[in-house]
Amino acid sequence: MTKNLVIVESPAKARTIERYLGPDFKVLASYGHVRDLPENPGKGKFGVDVEHDFEPEYVINEDRRKQLNAITKAAGGSDLVYLATDLDREGEAIAWHVVEAVKIPDDKTRRVTFSEITKSAITAAFEDPRDIDMGLVDAQQTRRIMDRLVGYTLSPLISRKVRSGLSAGRVQSVAVRLVVERERAIEAFRPREYWTLEALLETPRGERYKATLISVDGTRIAQGGEVKKNEIPIPDEATAQAYVKALKDETATVTSLKVRSSRRNPAPPFTTSTMQQEASRKLGYGPKRTMSVAQRLYEGIEIDGEPTGLITYMRTDSVNLARSAQLEAYDVINGRYGSEYSVEGGRGYKTRVKGAQEAHEAIRPTSFARDPESLRGSIKDDELRLYRLIWQRALASQMAPKQMETTTAELEAGRFGLRASATRTTFDGFTKVYTEGRDDGDDEKEATLPALSEGDRSAIRVVEGEQHFTEPPPRYTEASLIKALEEHGIGRPSTYAATISTIQDRGYVKVVEKRLRPEIVANIVTDVLVEHFGNYVDYDFTARMEEELDEVA
């Protein structure tokens with residue numbers, strides 16, 4: 001007779017945890033949810049009793065009967081049953097469903113959670129079990145019921161009226177709407193011409209540097225497509241060439257010189273969303289692939305005969321790091337890069353995402369001492385690349401700021417005002433390890449200016465005008481769509497990958513040159529939903545529901 005039974009979600013995790021816990025524990029996997037709402041509840045039904053407090057009608061998943069039978073048999077012969085499913089709402093609900101399906105008595109039930117699959121974390125979790133948190137379970141049930149009601153109400157209509165096989169959903173339809181509205185903004189966009197002027201200057205010592213035209217007759221020149229108050233544009237080639245001709249005959253005099261020091265702090269460690277965005281930018285991984293690889297890193301590998309999870313739990317919207325992790329990072333940074341790169345006492349972060357669940361940790365290595373190169377040959381190449389990204393991002397988050405010095409020279413040349421500036425790094429800080437990627441726009445460029453003083457004169461050797469046109473907003477990438485969903489407060493970390501996959505699999509959106517473009521059907525469905533069911537695909541409705549689910553939890 002086994003004294004204790006432990007239920008986890010995945011078989012890989014089960015093998016690891018069983019080795020940690022020893023012979024008094026048997027660990028079985030549920031393989032995810034064992035119960036759900038019925039897939040085909042019948043015509044006009046939802047699997048939810050809308051007449052009686054929206055009571056869900058759960059059924060056993062057919063492909064989980066084998067696992068459930070094994071759990072039922074083992075639970076009957078065990079003193080205690082520990083539910084060690086994932087530490088998010090979904091994991092809490094899976095634990096509850098197992099208890100309900102197997103009918104495990106309350107006095108035999110214990111709930112344990114951990115954010116990393118390491119011996120110390122597992123041991124600590126089993127020393128401090130708790131009850132199932134019904135607030136989290138109810139929040140998950142509410143989400144599931146709401147998604148069923150919205151999906152099962154709208155999907156048949158869309159299938160009948162637009163095209164068979166289409167579906168609609170509380171989050172997926174909003175994601176499609178974002179892509180459609182961005183495409184329409186691009187189609188409606190009308191470019192506007194504008195020019196900028198740059199002069200090549202030369203000091204009496206023969207040193208050359210560049211300066212930008214910033215004013216004419218004391219009025220500022222707009223430097224981009226947007227013309228701010230008290231600015232004028234250079235709207236066409238004729239105006240630009242007139243300025244070029246006049247400026248060539250002038251000599252530029254330095255009227256002011258400023259040197260400014262600045263610091264840039266590192267980005268926080270990864271959340272699910274930022275990991276998906278950065279893996280897309282830097283590794284070319286789609287959200288679904290990123291989460292699959294992260295799952296394998298979380299479940300871990302065998303190192304020196306010991307099964308070890310390599311990263312902490314990968315479904316989180318927290319940017320917190322455990323105090324123990326901050327201290328270990330401090331030691332690793334000191335040892336690898338020197339004390340000037342470390343931050344005494346560690347560095348904390350606060351999330352800026354609406355409704356973030358701060359109880360979890362950010363995604364980080366389970367040990368900062370386990371650098372990526374030490375895992376080469378032990379894990380697959382795609383796992384190593386993502387692990388390196390997570391390791392670098394988390395370690396850099398605990399490092400000293402990058403320090404820069406910007407020199408700005410303002411010059412007068414007759415009726416024209418010019419500006420020359422250059423920024424250089426005085427201390428690389430966290431960028432020695434990692435720099436955050438960007439969706440659009442160039443990375444920072446460094447430059448230097450010659451030694452200048454107020455009153456110094458420079459000859460104007462060349463003046464060139466450059467034509468520009470204002471640009472429409474860019475199409476979403478998978479990464480930037482996730483960012484937009486997060487900024488609107490739509491969905492949760494666990495939903496982003498599935499949402500992006502669904503809208504592609506259903507034929508609403510296609511990827512062209514790494515950008516998301518809506519198919520014709522996406523426009524039709526969006527128009528139908530916005531016109532007749534505007535509440536359900538309203539950004540505020542979807543975000544407000546997330547806030548209300550948080551209150552339930």
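All values below were derived from every heavy atom in this structure, side-chain atoms included, with hydrogens, water molecules and symmetry-related copies excluded.
- A salt bridge links Arg281 with Glu278: the closest approach of a Lys/Arg side-chain nitrogen to an acidic carboxylate oxygen falls below 4.0 angstrom.
- Here Asp550 pairs with Arg89 in a salt bridge; the nearest charged N to carboxylate O distance falls below 4.0 Å.
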Original post:
Taking it one step at a time, do Lys13 and Asp86 satisfy salt bridge (charged side-chain N to carboxylate O under 4.0 Å, His left out)?
Top reply: CA-CA 11 Å; Lys13 201 187 298 183; Asp86 289 346; 2.6 Å; yes

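- For the atom pair CD of Glu9 and CD of Gln295, the computed distance is 8.0 Å after rounding to the nearest 0.5 Å.
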**OP:** Could you go through the side chain to side chain contact (heavy atoms under 4.5 Å, CB included) check for His488 and Leu178 one step at a time?
**Re:** CA-CA 11 Å; His488 281 289; Leu178 280 167; 3.9 Å; yes

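- When atom types are taken as modelled, the side chain of Lys514 and the backbone of Gly284 share no donor-acceptor pair closer than 3.5 angstrom.
- Side-chain atoms of Asp63 and Tyr31 form no donor-acceptor pair, as typed in the model, at a separation below 3.5 Å.
- Side-chain contact of Glu478 with Gln504: a donor-acceptor pair under 3.5 Å is present, judged by distance alone.
- One side chain, Thr196 or His468, offers a donor N or O that lies under 3.5 Å from an acceptor on the other.
- The side-chain heavy atoms of Tyr496 and Leu481, taken from C-beta on, include no pair separated by under 4.5 Å.
- In plain terms, the two heavy atoms of Pro56 and Leu37 that are nearest each other are CB-CD2, 3.7 Å.
- No donor-acceptor pair closer than 3.5 Å links the side chain of Gln172 to the backbone N or O of Thr499.
- Between Ala362 and Thr312, the shortest heavy-atom distance links the atoms O-OG1, 3.0 Å.
- Counting heavy-atom neighbours within 6.0 Å of Glu193 CD, excluding the residue itself, gives a total above 12.
- Screening Leu136, Asp131, Ile132 for a side chain to side chain contact (heavy atoms under 4.5 Å, CB included) with Met134, the sole residue that qualifies is Ile132.
- Sparse packing is recorded around CZ of Phe54, with 12 or fewer heavy atoms of other residues, nucleotides or ligands lying under 6.0 Å away.
- Under a 3.5 Å cut-off, the side chain of Thr366 and the backbone N or O of Gly309 do form a donor-acceptor pair.
- For the pair Tyr536 (side chain) and Ala168 (backbone), a donor-acceptor distance under 3.5 Å is absent.
- In summary, of the residues considered (Arg475, Lys510, Arg515), a salt bridge (Lys or Arg N to Asp or Glu O under 4.0 Å) with Glu183 occurs for Arg475 alone.
- Side-chain atoms of Thr470 do not come within 3.5 Å of backbone N or O of Pro191 as any donor-acceptor pair.
- Here the NZ atom belonging to Lys380 is positioned 11.0 Å from the CG atom belonging to Leu297, to the nearest 0.5 angstrom.
- Residues Thr274 and Arg393 meet the side-chain proximity criterion, which asks for heavy atoms closer than 4.5 Å.
- A donor-acceptor contact under 3.5 angstrom links the side chains of Thr85 and Arg111, judged on distance only.
- Taking each heavy atom of Met545 and Arg143 in turn, the nearest pair found is CE-CA, 4.1 Å.
- For Tyr508 (side chain) and Leu166 (main-chain N/O), no donor-acceptor pair under 3.5 Å exists by modelled atom type.
- Judged by a 6.0 Å distance limit and a 45° cone about the ring axis, Arg148 is positioned over the six-membered ring of Tyr152.
- How far OH of Tyr476 is from CG of Leu516: 10.0 Å, rounded to the nearest 0.5 Å.
- Classification of Arg144 and Asp36 as a salt-bridged pair holds, one side-chain N sitting under 4.0 Å from a carboxylate O.
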Original post:
Going through the checks in order, is the side chain to side chain contact (heavy atoms under 4.5 Å, CB included) test met by Ser173 and Leu154?
Top reply: CA-CA 10 Å; Ser173 296; Leu154 300 185; 5.6 Å; no

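- With contacts defined as side-chain heavy-atom distances shorter than 4.5 Å, the pair Met314/Ile390 does not qualify.
- Ser164 places no side-chain N or O within donor-acceptor distance of the main-chain N or O of Arg160, the cut-off being under 3.5 Å.
- You'll find the side chain of Arg220 stays beyond 4.5 Å of the side chain of Asn230, heavy atoms only.
- Side chain of Arg182 to main chain of Pro474: a donor-acceptor pair is present (N/O by atom type, distance under 3.5 Å, no hydrogens or angles).
- The minimum heavy-atom distance between Ser318 and Asn320, with the atom names listed, is OG-N, 3.0 Å.
- A 4.5 Å side-chain heavy-atom check between Val530 and Arg177 finds at least one atom pair inside the cut-off.
- For the atom pair Ile363 CD1 and Asp317 CG, the distance stands at 10.0 Å (nearest 0.5 Å).
- Rounding to the nearest 0.5 Å places CZ of Phe430 at 8.5 Å from CZ of Arg347.
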**OP:** Would you check, one step at a time, whether the test side chain to side chain contact (heavy atoms under 4.5 Å, CB included) holds for Tyr285 with Arg385?
**Re:** CA-CA 10 Å; Tyr285 292 1; Arg385 294 178 73 199; 3.7 Å; yes

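- In this structure the side chain of Gln140 never reaches within 4.5 angstrom of the side chain of Trp96, judged on heavy atoms.
- Taking all atoms of both residues into account, the shortest heavy-atom contact from Gly489 to Glu546 is O-CG, 3.2 Å.
- Between Asn61 and His33 there is a side-chain heavy-atom pair separated by less than 4.5 Å.
- For Tyr298 against Glu116, the heavy-atom pair with the smallest separation is CE1-CA, 4.1 Å.
- More than 12 heavy atoms of other shown residues, nucleotides or ligands fall within 6.0 angstrom of atom CZ in Phe368.
- Between the side chain of Glu57 and the backbone N or O of Pro41 there is no donor-acceptor pair closer than 3.5 Å.
- Taking the side chain as every heavy atom from C-beta outward, Leu310 and Ile379 approach each other to under 4.5 Å.
- Looking only at atom types and distance, the side chain of Gln277 has a donor-acceptor partner in the side chain of Ser273 under 3.5 Å away.
- Side-chain contact check for Glu328 and Ser367: at least one donor-acceptor pair (N or O, by modelled atom type) lies under 3.5 Å.
- Between the side chain of Ser280 and the backbone N or O of Gln276 there is no donor-acceptor pair closer than 3.5 Å.
- Surrounding NZ of Lys288 are at most 12 heavy atoms belonging to other residues, nucleotides or ligands under 6.0 Å away.
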Original post:
Yes or no on side chain to side chain contact (heavy atoms under 4.5 Å, CB included) for Leu28 and Gln67, after CA distance, side-chain angles and deciding distance?
Top reply: CA-CA 8 Å; Leu28 294 178; Gln67 285 78 23; over 6 Å; no

Subject >> Residues Arg130, Glu92; criterion salt bridge (charged side-chain N to carboxylate O under 4.0 Å, His left out); working and verdict >> reply: CA-CA 12 Å; Arg130 60 171 172 82; Glu92 203 76 18; 2.8 Å; yes

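- Of the inter-residue distances, the one linking Thr113 atom OG1 with Asp88 atom CG reads 10.5 Å to the nearest 0.5 angstrom.
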